[in-house]
Amino acid sequence: ELGDYSHYMQKEIFEQPQALSNTLEMISGAGQLLPGIFGAEAADIFNQVDSVLIIACGTSSYAGMTAKYWIEQVAGIACNVEIASEYRYRQSVPNPKQLVVVISQSGETADTLAALHHAKAQGHAFTLAICNVPESAIIRETALRFITRAGPEIGVASTKAFTTQLSALFLLTLLLAKAKQRLSEANEKAYLDELRHLPIAVDKVLALEPSIKAWAMHFANKHHALFLGRGRHYPIALEGALKLKEISYIHAEAYPAGELKHGPLALVDSEMPVVVVAPNDEMLEKLKANMQEVSARGGQLYVFADGGSSVKSSEGVHVLQMPEHYGLLSPVLHVVALQLLSYHVALVKGTDVDKPRNLAKSVTVE
Ligand code: F6R
């Protein structure tokens, strides 16, 4: 089943272009997006909702955090993200006009299911599940649903499920923007074209595997790593750090880069590699100033740049030049590079990549 691959995780990383095109199949020839892809009642519900609440665990929650940046910017409605195990036990203020979105690869995560039950008990009727398993528990309990078509994910560390969740959340963003009259026909067409081109763009990132692999040995003998990002790439930094800790057992933390001075800078020295998600976007100049703060303390920077970026390699600054800059969808490309980094660090360390210690694929107990 593994074919030419050494691990399921590697296979699943490389299946992402196909997983994305399967998930996005319904837009292949379409000039416009129809709400029906989320269910028969979607048009009616999207017209009524005034905000979004996303609930999930782990990697799925980072997909939700990325979507928050998209939904607020493109659809212009408020979006909050909650960790399921917190939301289910806390006293929140329900808003019946809020769209509650639960995201789960397996559809069986106990806390996410319980959080959905809690939301419904609080009077939330506008519920939507984004899930990779059509026959799962979660799918049967929401008003609306979207099935990602990543195919079975065997590796415990989530990869292709995450990027397909992102693609589903981007479709949701566009439909909410349409319902709120915030999306021109020209923009809709442009975003759909970008989505259609995404599998090819991911392929180009996968082609960088040899260069990413060459960085792995710089991490394998370290005990800690710091991941930095800003804006919609902050959740991608969180996901990169989670992947590294899960499969290589290296302690990794992620921060929005603007927070460096407020504490984590104290940790930086030559033994703490700092990974920077640095797309060529509106935050790049700010991010360069943050990188300078790291360099000044002797920190080693590993920078994922893209699209003719002005970030240059120098002493202590290692730059991987990724292909085109991909605008709003750039998180999808940058996370693929970080998946490859953690995979190759784990290989150097010789850990059990597909079955990391203490973890289970599907967390069906609290
Ligand atoms: C990390 C990972 C976990 C899951 C989390 C939620 O690589 O896989 O953090 O994302 O356990 O699982 P699902 O999405 O099945 O609810």
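All values below were derived from every heavy atom in this structure, side-chain atoms included, with hydrogens, water molecules and symmetry-related copies excluded. Note that ligands are numbered from 1 as they come in the structure, with each ligand's atoms numbered from 1 the same way. In what follows, residues are counted from 1 in the order of the sequence shown.
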Heavy-atom distances under 4.0 Å decide this one: backbone, side chain, both or neither, for Glu246 against ligand 1? side chain

Nearest protein heavy atom with distance in Å, relative to atom 6 (C) of ligand 1: Cys57 O, 3.5 Å

Heavy-atom nearest neighbour in the protein, as seen from atom 2 (C) of ligand 1, with distance rounded to 0.1 Å: Thr59 OG1, 3.7 Å

Please check if Leu341 and Val317 belong to a single hydrophobic cluster, counting links between Ile, Leu, Val, Met, Phe, Trp and Tyr side chain heavy atoms closer than 4.5 Å. no

Filtering Ile103, Leu359, Thr109 for the heavy atom nearest atom 16 (O) of ligand 1 leaves Thr109

Write out the residue and atom name of the closest protein heavy atom to atom 11 (O) of ligand 1, then the distance separating them to 0.1 Å. Val363 CG2, 4.2 Å

So, is Lys243 polar-close to ligand 1, with some N/O to N/O distance under 3.5 Å? yes

Please check if the distance between the ring centroids of His318 and Tyr302 is under 6.0 Å. yes

Hey, mind stepping through Lys160 and Glu153 against salt bridge (charged side-chain N to carboxylate O under 4.0 Å, His left out) and telling me if it holds? CA-CA 7 Å; Lys160 60 179 182 170; Glu153 196 180 60; over 6 Å; no

heavy-atom search around atom 15 (O) of ligand 1 in the protein gives Ser106 OG, 2.7 Å

Out of all atoms in ligand 1, which are within 4.0 Å of some heavy atom of Ala157? Include the element for each. 7 (O)

I'd like to know whether the aromatic ring centres of His233 and His334 sit less than 6.0 Å apart in this structure. yes

Test of proximity, Ser158 against ligand 1: N or O pairs below 3.5 Å: yes

Hydrogens and angles aside, do Glu108 and Thr364 bring a side-chain donor and acceptor to less than 3.5 Å of each other? no

Of all the atoms in ligand 1, which lie at a distance below 4.0 Å from a heavy atom belonging to Val156? 8 (O)

Any idea which atoms of ligand 1 are less than 4.0 Å away from a heavy-atom of Ser104? 13 (P), 14 (O), 15 (O), 16 (O)

Quick check on the 6.0 Å ring-centre criterion: do Phe170 and Tyr191 meet it? yes

Check side-chain hydrogen bond (donor to acceptor under 3.5 Å, both in side chains) between Thr23 and all other residues, then give those that pass, not counting sequence neighbours. none

Results of side-chain hydrogen bond (donor to acceptor under 3.5 Å, both in side chains) for Arg145 - residues two or more places apart only: none

Side chain, backbone, both or neither: the part of Lys361 lying under 4.0 Å from ligand 1 by heavy atom: neither

